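Here, residue 1 is the first one in the sequence, and each next residue gets the next number. From a predicted model like this one, the values you see are computed outputs, not experimental measurements.
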Amino acid sequence: MIPSPGSSTDPRCADVSAAPSWSDAPYPVLVLDANGAVVDRNRAARLLLPGPSGESPARDALPSWLSDAHRCHTDGTCAASADPPSGRIGDRFYEARPTPAADGSVAWWLVDGTGRHLAEASLHRARERADTLAVLFSTLLSSLNVPRCAEVAAQMAAEHLADAAVLVTPPVGRRYAVTHARRGEPVVQETRQIDPHGVPGLAEALRGFPPVPARWINPDDIPDWVIPAGFSGPVGSVIVTPLPGHGVPAGALILLRSGTEQAFTPDEEAFARLFAARAGTALSAARLYSEQTAITATLMRELLPPTLTSVHGVEYAGRYRTAMDHERVGGDFYDVHPGADASRETFVVLGDVAGKGLEAAVLTGKIRNTLHALLPLASDHQQVLRLLNGALLTSHHTRFATLVLVSVKRDGSHVRLRLTSAGHMPPLVVRADGGVEEVDTHGTLVGALPTVTVRTAETVLAPGETCLLYTDGITEARGGPLGDELFGERRLRQALVECAGMPGEAIVERVQMLAAQWLGSGRHDDMAVLAIGAPRTGPSAGAGEHAVDGGQPGRNT
């Protein structure tokens, strides 16, 4: 019988005539005495650990891990549940299993576990790389900022793939964004002119061609701009791999290892390409988002209400809130088009397009552009509305709009207004004595009927008085104690009574605040409020305006 690992039988006591000798066992077996000296070994052990001139190997010739395991075993300090001791002998990996003998010696059976060890190590590396890719992807996708994505990708590449990493994105004009990362050091980003053909494979990688194998790249050919400041030692190995994007390359990644580190293995090159693919996807998404954001911002700039200030001695103030808080534009709008000088009328418009959201905003933009083109006719409200109505009827849009047009001119310390409502709520005038008057103007909406019929009214604002234009998002705000009652015109008028003498900026803020409080967290329509006010102070010197007597201001005419 050949004693198996873990058996209590002393292999030297085996009956040679009864069975093959233990020395013929395929496992290497070393018998160590209590002091750790080799007292016997079988044929497989002689081949594994040959001694001088065929003698047993010296104690210090044994692997340290085996000597430590024997000492632990003979001292009785090894935990019973501990894994069997293991380690390398040459280029192989072994597990040692003890068989104690009565004289205190121990036979150590060495089981070759190289295959399992390599498989476990490979599995461990695969798990680490999968974790690295998961962290990379989640980190990159958490930011849609291109420089931030480049910083994270280069930093993680330097930490997990190489001693240093350089990420190059496609050029803008003749300049390239270059991101340098060194393991354990801050990332450095710069924009510079470079010659991609100076780095073997970089020009091809930036065009999306497959990477050049690392063994084909001579590290001596790497230009100085690629090597990060403080890089230790000469470059020993280089990888240049593309960053694939959505249809177009997102850039290229250069990985550097110093001459003291081992060269990139084929397995590491494959992982670098997988890493680059993930980074390229995130970079491409960030670049696409940045481009769409820039386009949206450019278009949005023309759709957003303007910032209002004082024009030709008349105060203007406005507030705007969309139906959805996450949107910036909607179906309500206002504009103030100053006259060429103080002697010319300023053209003011406030409108409400049927519907809400982006589709309503598109029609809003068309109406605003059309009105801008009609500014030479702005003094004739009827003509402007007729031409605008015709433009909307020939449009593919099926929406209509309501408008209030106002022509404003400073007259001394007073402000004269001509107002025309096309299907819109009539403006309200807040007088200095606290009275609130409705301007007697009305008409049909635009974009729905072949003709537009309107009535124009005139009024005069004395110093400290304000004319308020508003959309139905204010009066039709539904809320209150039970959440089902409209804010209504009565509450609006009452709020304006309390605003007597206040500047226009404070009035529009007060009105929108009250409507928002009435709504609570309920749904609502777009809201727009615009105030036209006569300043309390007189006209500035040199403004080309004449003073008027201190009589009462004119009312609606």
Chemist: Mind checking salt bridge (charged side-chain N to carboxylate O under 4.0 Å, His left out) for E159 and listing every partner two or more places apart, or none if nothing turns up?
Modeler: none
Chemist: side-chain hydrogen bond (donor to acceptor under 3.5 Å, both in side chains) with T420: which residues, sequence neighbours excluded?
Modeler: H381, T456
Chemist: For the pair N369 (side chain) and G365 (backbone), establish whether a donor and an acceptor sit closer than 3.5 Å, ignoring hydrogens and angles.
Modeler: yes
Chemist: Hey, are the side chains of V439 and V404 touching, using non-hydrogen atoms and a 4.5 Å cut-off?
Modeler: no
Chemist: Determine the minimum heavy-atom distance between P170 and P249, stating which atoms define it.
Modeler: CG-O, 3.7 Å
Chemist: With a 6.0 Å cut-off (strictly less than), is the heavy-atom count around CD of Q494, excluding the residue itself, greater than 12?
Modeler: no
Chemist: Considering all heavy atoms of both residues, which atom of L255 and which atom of A165 are nearest to each other, and what is their separation?
Modeler: CD2-CB, 3.9 Å
Chemist: Would you please name every residue forming a salt bridge (charged side-chain N to carboxylate O under 4.0 Å, His left out) with E204, sequence neighbours left out?
Modeler: none
Chemist: Using salt bridge (charged side-chain N to carboxylate O under 4.0 Å, His left out) as the criterion, list what pairs up with E151, not counting sequence neighbours.
Modeler: R148
Chemist: Which residues pass the side-chain contact (heavy atoms from CB on, under 4.5 Å) test with A506, not counting sequence neighbours?
Modeler: M502, P503
Chemist: Quick one: side-chain contact (heavy atoms from CB on, under 4.5 Å) partners of D472, sequence neighbours excluded?
Modeler: D352, M425, T475, E476, D525
Chemist: Could you pull out the closest heavy-atom pair between P196 and L202, with the gap in Å?
Modeler: O-CB, 3.5 Å
Chemist: Could you tell me which residues satisfy side-chain hydrogen bond (donor to acceptor under 3.5 Å, both in side chains) with R192, sequence neighbours excluded, listed by chain and number?
Modeler: E190
Chemist: Ignoring hydrogens and angles, tell me if any N or O in the side chain of S284 forms a donor-acceptor pair with the backbone of G280 under 3.5 Å.
Modeler: no
Chemist: Under a 3.5 Å distance rule, please check whether T444 uses its side chain to pair with a backbone N or O of T453 as donor and acceptor.
Modeler: yes
Chemist: Find the distance between CD (Q155) and CZ (R182) and round it off to the nearest 0.5 Å.
Modeler: 12.5 Å
Chemist: Would you name the heavy atoms of H424 and T402 that are closest together and state the gap between them?
Modeler: ND1-OG1, 2.8 Å
Chemist: May I ask you to decide if V452's main-chain N or O and R386's side chain share a donor-acceptor pair within less than 3.5 Å?
Modeler: no
Chemist: Closer than 3.5 angstrom, by distance alone: can the side chain of R174 be matched with the main-chain N or O of Q193 as a donor-acceptor pair?
Modeler: no
Chemist: Roughly how far, to the nearest 0.5 Å, is CG of L514 from CD of E509?
Modeler: 10.5 Å
Chemist: Tell me if a side-chain donor or acceptor on T441 pairs with a main-chain N or O of S421 at a distance below 3.5 Å.
Modeler: yes
Chemist: Just by distance, do the side chain of R418 and the backbone of E458 share a donor-acceptor pair under 3.5 Å?
Modeler: no
Chemist: Answer yes if the side chains of T179 and Q189 hold a donor-acceptor pair under 3.5 Å, and no otherwise.
Modeler: yes
Chemist: Test of understanding: with side-chain hydrogen bond (donor to acceptor under 3.5 Å, both in side chains), list the residues that count as partners of E485, not counting sequence neighbours.
Modeler: R491
Chemist: Sorted by first residue and then second, give each salt bridge (charged side-chain N to carboxylate O under 4.0 Å, His left out) pair with at least one member in residues 278-300; sequence neighbours left out.
Modeler: none
Chemist: Output a table of donor-acceptor pairs, distance under 3.5 Å, between side-chain atoms of residues 332-341 and any protein atom two or more places apart or on a different chain; print 'none' if there are none.
Modeler:
unit_1: D332; atom_1: OD2; unit_2: T471; atom_2: OG1; d: 2.7
unit_1: D332; atom_1: OD2; unit_2: M527; atom_2: N; d: 3.4
unit_1: D335; atom_1: OD1; unit_2: R368; atom_2: NH2; d: 2.9
unit_1: D335; atom_1: OD2; unit_2: R368; atom_2: NE; d: 2.7
unit_1: D341; atom_1: OD1; unit_2: S343; atom_2: N; d: 2.9
unit_1: D341; atom_1: OD1; unit_2: S343; atom_2: OG; d: 2.3
unit_1: D341; atom_1: OD1; unit_2: R344; atom_2: N; d: 3.4

Chemist: Which heavy-atom pair separates L283 from A250 by the least distance, and what is that distance?
Modeler: CB-CB, 4.1 Å
Chemist: List the atom of P450, the atom of L393, and the distance in Å for their closest heavy-atom pair.
Modeler: CA-CD1, 3.9 Å
Chemist: Of all residues at least two apart in sequence or in a different chain, which pass the side-chain hydrogen bond (donor to acceptor under 3.5 Å, both in side chains) check with R319?
Modeler: E505
Chemist: What residues form a ring pair (Phe, Tyr, Trp, His ring centres under 6.0 Å) with H246, not counting sequence neighbours?
Modeler: none
Chemist: Atom CG of L387 and atom CG of L371: how far apart are they, to the nearest 0.5 Å?
Modeler: 10.5 Å
Chemist: Before giving the answer on side-chain contact (heavy atoms from CB on, under 4.5 Å), spell out for Q382 and V454 the whole-Å C-alpha distance, their side-chain angles and the decisive distance to 0.1 Å.
Modeler: CA-CA 7 Å; Q382 177 77 33; V454 294; 3.0 Å; yes
